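Just so it is clear: chains get the letters A, B, ... in the order the sequence lines come, proteins before strands, and each one is counted from 1. Since the structure is predicted, the reported quantities are computational estimates derived from the model, not experimental observations.
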Amino acid sequence: MADSSDVPHDGSWRSASWRTQLRRRLLTWFTTSARDLPWRKTRDPYAIWVSEVMLQQTQVATVIPYFERFLRDYPTPAALAAADEAEVLRRWEGLGYYRRAKQLHAAAKRITAEHGGRFPETFEAVLALPGIGRYTAGAVLSISRDQRLPVVEANTLRLYSRLIALRQPPTATAPNRLLWEVAAAILPRQQAGRFNQAAMELGALLCTPRNPDCERCPLRSLCPTRREGLQEEIPGKVRTLQYEDRSHVAVVAQHEDRFFLRRCPPGGHWAGLWDFPRYDLTPAAALPGDALAAEVERRFAAEFGFAVRLGEKLKTLRHGVTRFRITLDAFTAEANRREADSAECGWYQPHEILDLPLNTTGRKLSRLLP
DNA sequence: AAAGCGGGGTG
DNA sequence: CACCCAGCTTT
């Protein structure tokens, strides 16, 4: 049984005076150095929750316009709960990781049904909502209500690893438990929300992964990692990701002035979003051109029950997703007749496609249509 | 081209 | 505890 007390690190954080110094310096620094971000102008837990979910896997500059639009269109949990999922996905389009939007929508419905439309204010109730874990629950309730709850995410993970000179990979079980312990111990009694924001901001602006700006850091004299010159070694590397190449083919089928799209099935990738039919043909090198077209036509007919004939290559798109690097060859295709639309697929004119929630490659291909 | 973000859910 | 998640920006 791994115990956090066995994890090699610097124990200064256990000293009350060290923690007092840290709090004072960090909060003072935040007063002068905090970025002016839209979600810092509110104490509405709903708005802060939306920002926290958007900020997962996505950077600040990307999130800002999405956040402002989302709050304008859905100013309350009830407004979000009343929206169609497709409409929510359309507003999320481009942010990626669409499960976040679906969970946000589902949680808004739960808040409306179970909490009378008011964002819950106990840690347990917030944690019980879909898409909300320990970090997000702590962030929302500390920032909006100053509840004394710790947060450990990428920025604080790195900052706290350095403040305790953590000598092990920070995501391993025992080191991670220790980091949460540290995050809880250093919180002030008052202003826990400002403190958490300050810690994350310091990690984002100064205590960066590479070349941290220790000269400007208000915590430099408290930092054992800086003292020992280990900034590039701490936190330890988790592991290097091995990319995997994939070859996909998309079918842009046309009949008169309409194009065929389908909804991605539940449980799979891009679930609930629309896209042109696409097929994984890895490894593509094994198939000569004719055989590739025949294989795609076969799969298309098997899936949708009508035939198309592949034409020329419309476009090659390369996109990376998690550990995959995908080369997507999009082909035009002709359908002899038009099958009836269903809830899962159908024929659309280009102007109708504008209103469908599409994944990024689907949207890029749709812009090539007449 | 590679690195970094990135917590939540599942099994 | 390991693995998955179907994109984007920065370096």
Side-chain angles (χ1 to χ4, degrees), chain A residues 1-2 49 51-66 89 92-104 106-107 126-140 149-159 161 169-177 179-180 183 200 203-205 207-212 232 235-248 250 263-280 282 317-328 357-365:
Chain A
M1 181 63 83
W49 169 48
S51 77
E52 288 296 337
V53 174
M54 288 184 170
L55 287 163
Q56 291 168 11
Q57 303 118 318
T58 312
Q59 294 173 356
V60 165
T62 308
V63 166
I64 289 172
Y66 282 89
L89 287 170
W92 200 268
E93 195 184 295
L95 277 177
Y97 294 97
Y98 300 92
R99 192 201 305 195
R100 292 181 294 169
K102 299 171 78 162
Q103 288 174 328
L104 200 66
V126 174
L127 199 60
L129 295 169
I132 297 188
R134 187 177 179 184
Y135 164 74
T136 306
V140 173
L149 295 166
V151 296
V152 176
E153 42 66 78
N155 292 308
T156 45
L157 181 96
R158 189 170 55 250
L159 174 63
S161 292
T171 52
T173 305
N176 195 253
R177 189 187 307 132
L179 288 167
W180 278 99
M200 293 190 277
L205 298 182
C207 199
T208 49
R210 277 172 299 176
N211 306 315
E232 298 301 327
K237 296 284 166 277
V238 176
R239 72 163 173 241
T240 50
L241 191 66
Q242 284 300 305
Y243 286 108
E244 200 177 315
D245 289 318
R246 291 287 174 96
S247 298
H248 289 194
R263 197 141 72 124
C264 302
H269 309 137
W270 302 300
L273 272 76
W274 291 74
D275 191 12
F276 298 96
R278 58 187 285 171
Y279 302 97
D280 187 348
T282 312
L317 297 174
R318 288 187 179 79
H319 65 119
V321 180
T322 62
R323 70 178 198 280
F324 299 108
R325 284 189 306 197
I326 301 169
T327 302
L328 175 67
L358 265 60
N359 61 16
T360 299
T361 51
R363 185 62 66 196
K364 284 181 179 170
L365 293 175

How close or far is atom [atom2] of [N] from atom [atom1] of [X], stated in whole angstroms?
{"X": "A:Glu93", "N": "C:dC8", "atom1": "CD", "atom2": "C1'", "result": "14 Å"}
{"X": "A:Glu244", "N": "C:dC5", "atom1": "CD", "atom2": "C1'", "result": "14 Å"}
{"X": "A:Leu104", "N": "B:dG7", "atom1": "CG", "atom2": "C1'", "result": "14 Å"}
{"X": "A:Leu157", "N": "B:dG7", "atom1": "CG", "atom2": "P", "result": "8 Å"}
{"X": "A:Gln57", "N": "B:dG8", "atom1": "CD", "atom2": "C1'", "result": "9 Å"}
{"X": "A:Asn359", "N": "C:dC5", "atom1": "CG", "atom2": "P", "result": "15 Å"}
{"X": "A:Leu95", "N": "B:dC5", "atom1": "CG", "atom2": "P", "result": "18 Å"}
{"X": "A:Lys102", "N": "C:dC5", "atom1": "NZ", "atom2": "C1'", "result": "13 Å"}

### Query
When the C1' atoms of B:dG6 and C:dC4 are considered, how many whole Å apart are they?
12 Å
#### Entry: Span that lies between the P atom of B:dG4 and that of C:dA6, in whole angstrom
23 Å
Check every strand shown and say whether [X] touches a base, only sugar-phosphate, or nothing at a heavy-atom separation below 4.0 Å.
{"X": "A:Gln56", "result": "sugar-phosphate"}
{"X": "A:Leu55", "result": "sugar-phosphate"}
{"X": "A:Arg100", "result": "nothing"}
{"X": "A:Arg158", "result": "sugar-phosphate"}
{"X": "A:Thr136", "result": "sugar-phosphate"}

### Summary
By nearest-heavy-atom nucleotide on DNA chain B, the more 5' of A:Arg210 and A:Arg134 is A:Arg210
From the set [options], return the single nucleotide nearest to any side-chain atom of [X].
{"X": "A:Tyr97", "options": "B:dG8, B:dG4, C:dC5", "answer": "C:dC5"}
{"X": "A:Ala154", "options": "B:dC5, B:dA2, C:dT9", "answer": "B:dC5"}
{"X": "A:Asn155", "options": "B:dG6, C:dA6, C:dT9", "answer": "B:dG6"}
{"X": "A:Glu153", "options": "B:dG7, B:dC5, C:dT9", "answer": "B:dG7"}

### Summary
Between the OG1 atom in A:Thr156 and the CG atom in A:Leu179, the distance rounded to the nearest 0.5 Å is 8.5 Å
### Message
Just to verify, what does A:Glu93 make a salt bridge (Lys or Arg N to Asp or Glu O under 4.0 Å) with, not counting sequence neighbours?
### Response
A:Arg90, A:Arg363
Could you go through nucleotides 9-11 of chain B and list every protein N or O atom that sits under 3.5 Å from one of its N or O atoms, giving the distance for each pair?
from	atom 1	to	atom 2	distance (Å)
B:dG9	OP1	A:Gly131	N	2.8

### Query
With a 4.5 Å limit on heavy-atom distance, are the side chains of A:Thr62 and A:Leu95 in contact?
yes
### Message
Quick check: do A:Thr58 and A:Arg100 have side-chain heavy atoms less than 4.5 Å from each other?
### Response
yes
For the student: nearest non-hydrogen atoms of [X] and [Y], plus distance:
{"X": "A:Ala271", "Y": "A:Pro265", "result": "CB-O, 3.5 Å"}
{"X": "A:Leu89", "Y": "A:Ala101", "result": "CD2-CB, 4.1 Å"}
{"X": "A:Ala183", "Y": "A:Val152", "result": "CB-CG2, 3.8 Å"}

### Query
Which residue lies toward the 5' end of DNA chain C, A:Gln59 or A:Ala172, if each is placed at its nearest nucleotide?
A:Ala172
What pairs of donor and acceptor atoms, side-chain ones from residues 127-139 of chain A against any protein atom, are under 3.5 angstrom apart with sequence neighbours left out?
from	atom 1	to	atom 2	distance (Å)
A:Tyr135	OH	A:Glu52	OE1	2.6
A:Thr136	OG1	A:Gln56	NE2	3.0

### Message
Below the 4.0 Å mark, does C:dA6 have OP1 or OP2 next to a side-chain nitrogen or oxygen of A:Thr360?
### Response
no
